[in-house]
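Order of the sequence lines fixes the chain letters, A, B, ..., with proteins taken first and strands second; residue numbering starts at 1 for each chain.
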Amino acid sequence: MPVAAANLMRYRELMATLAWKNIALRYKQAYLGIAWAVLKPVSLMLIFTLVKSFVGIKSGSIPYPILTFAALMPWTFFQESASDGVNSVVGNTALIKKIYFPREIFPITAVLTKLVELGINFIILAGMMAWYEMVPGIYILWVPVIIAYTVLTTLTVAFAGAAVNVYYRDVGQALPVLLSLLMYASPVIYPLELVKEKLLVHQAAGDWSHALYTLYTLNPLAGIIDAFQNVVLRNQPPDIGSMLPGLVTIAVLLPASYLYFKRAESYFADVI
Amino acid sequence: MAIIEVDHLTKEYRLGALHSFKQTLLNATARFAGKPVAERPRFKALDDVSFQVEQGEVVGIIGHNGAGKSTLLKMLAGVTQPTSGSVRVDGRIAPLIEVGAGFVPDFTGRENVYLNGSILGLSKKEIDRKFDEIVDFAEMAQFIDTPVKRYSSGMQVKLAFAVATSIDAEILIVDEVLAVGDLAFQRKCFDRMEDLIKRRGKTVLLVSHNIRQIQRLCNRAIMLDKGRIYRDGNPEAVCTSFYAQSDEKISSAMSLTQARGLNTSGELELIGLRFIDRDGKPTDRISYGRDCVIRFTVKVLTGLDEVTFGFGFHTTDFLYLTTHNSEEQLRIAHLPAGDHFIECKIANLPILPGVYSLRFGVTAGTAARTVFYGENLLHFRIQGDIPITVRDGFFALDAHWAVASAEESPLSVVTMAQRLKSP
């Protein structure tokens, strides 16, 4: 791990250049340019709002559109950067076969690139908050911490996924499907409060309710999305209780994922 | 202290396709159950290779296709890991392996210079400082803000080469990059390489199939063969044994097989092509400095008028050495249909020992239209010893040295008489 950190320092300029390349490349010949970055969360927000008007999802004191948009921001970031990260090594075959630099630079750069798009979504969020006359409180200072945690979560998927993808391209194919399933298992369309209420207050699953809730929150995205909504919209601190299982997941899986990636990287050029 | 140390380096690849996921699972289960697993056969791309390179050495690496040259360079560049043994490199490496690997077609030349520079390990400041020099060298000032996808391939390579050679690395790894651009630019690249090597004292590893280049630039050569070091030492000696091996390979496949550029009007066929001895019998023994006779057997299908024959020698890499045609010596007003033998006698064959190839052509009519032309028609070996006065090249000159008296003009101190005149 100290080696990894030293590498990051040493290659920070290269990562910045590669991230700039990814962004510039994506919008080079697109007329709407960077505006495409907000298209996905905004359109999903509109659809969810429409659906909500049929089925009725309780959103508490927060207007549903902004609640779901605040969920879609970390979710879209996670989803897109994880799938870009997984494909980043295979997508750079030409470089992998010619020049050596630490290979983790590819997934890391892919994830960092998406931070720029996340940043643009903050402008939309600010606009919506102004519309609903919401004022952020002091807890908004948590946002960088939550984003950093989201980046680590994404890297956990990206490292292992990118390494396996070199051997079996199935991963690149399967990931979008798995991620869209995971969206329903994360509090994106519905707030976490609903799950909490059903399981912890109403004990909907009987004796298993607590265990089921822990299982649900083992998905780090559950804690991330809820914390993000808390600090931005509800002006509350993150709910550590619902974040803890996810934190444990990442604390265990991130080092494993990274070590697997480092072990596999010496064969990338031979196999890819 | 050696700057590069390669110690018992071995690299194995497994042959065949990657296992399917199912096969991997089955194998894992079998291994778990303690049963033997069918392994894919292995192939040693490098087999126990050891050598050291000192600071400032310029090492040429030669060998036939598949000898392990590129694998070795990849290992030195750290792109792939050895199966066993070790590589130690002491200093910054600039890999000029296939320049332009990182070019993005949608980016302008300027953007690509920055991108490629940082991929090769330059900081933004360094690139800023060197930018003008890079653009100047590549002769690209006019196009630098145009997307690279609109460049010609030559322009791309020029720019890539300029970026790659601007790196201040202690060790340069060069894989066949000097064959870039037009002749003028190749010359420039060559000069730049020479400058890096001779004046700035860089350590260079150069892989090339152009042996003449290796002889010119390197002060040491390593020849690889089937993953092992076949010879290591003085470039002259190593290149000579490389040529010997190439010749061996080519002459063992000696035949009319790979005729090249075959072009025939259908009025004439070449049905036989042999060297013959004094008794008119076919022979493969052609000796340097001796007389020899080539016999062409042609089948004329429709009568031809005003026929001229011509032949030439070229090296196996198609360097044309000499030609000769029958125009002044043989007037054939009409050649009727049927088989004909044409012979050409060469006196005191001045071509040095080695393997060469033959081309042959026939023209007919007053406008001398081509009715037959082919290259690489016959590989043959010229035997004999190279005279001590001739170090290298393809021809022996019949030259004589003398010390002339001081009153004479300095130009005539050495008199030479060329013997390559037509018979």
CG/A/Leu25 to CG/B/Leu115 distance, rounded to the nearest 0.5 angstrom? 9.5 Å

Gap between atom CD of B/Glu111 and atom CH2 of A/Trp20 - 0.5 Å precision: 4.5 Å

Mark yes when over 12 heavy atoms from residues, nucleotides or ligands other than A/Arg169 sit less than 6.0 Å from its CZ; otherwise mark no. yes

Minimal non-hydrogen separation, A/Leu14 against B/Ser118, with atom names: CD1-O, 3.3 Å

Can you list the steps and then say if B/Phe107 with A/Lys21 is a side chain to side chain contact (heavy atoms under 4.5 Å, CB included)? CA-CA 9 Å; B/Phe107 277 14; A/Lys21 176 201 112 178; 3.7 Å; yes

Looking only at heavy atoms and a cut-off of under 4.5 Å, which of B/Gly121, B/Ser123, B/Gly117 has the most pairs with chain A? B/Ser123

Quick check: closest heavy atoms across B/Lys124 and A/Glu13, and the distance to 0.1 Å? N-OE1, 2.6 Å

Is any side-chain heavy atom of B/Lys11 closer than 4.5 Å to a side-chain heavy atom of A/Asp270? yes

Contact residues of residues 108-119 of chain A (partner chain B; heavy-atom separation under 4.5 angstrom): none

Could you tell me which portion of A/Ile105 (side chain, backbone, both or neither) has an atom closer than 4.5 angstrom to a non-hydrogen atom of chain B? neither

Using the test ring-ring contact (aromatic ring centres under 6.0 Å, His included), find all partners of A/Tyr11 that sit at least two apart in sequence or belong to another chain. none

Where on A/Arg103 is there a heavy atom nearer than 4.5 Å to chain B: the side chain, the backbone, both, or neither? side chain

Donor-acceptor contact present, side-chain B/Gln81 to main-chain A/Tyr267, <3.5 Å: no

Supply the atom-to-atom distance B/Ile127 CD1 to A/Thr17 OG1, rounded to the nearest 0.5 angstrom. 7.0 Å

Atom CZ in A/Phe101, atom CG in B/Leu120: separation rounded to 0.5 Å? 9.0 Å

Are A/Ile99 and B/Ile119 close enough, and set up right, to give a side chain to side chain contact (heavy atoms under 4.5 Å, CB included), and what steps lead you there? CA-CA 8 Å; A/Ile99 297 163; B/Ile119 286 171; 3.6 Å; yes

Is the number of heavy atoms from other residues, nucleotides or ligands under 6.0 Å of B/Lys226 NZ greater than 12? no

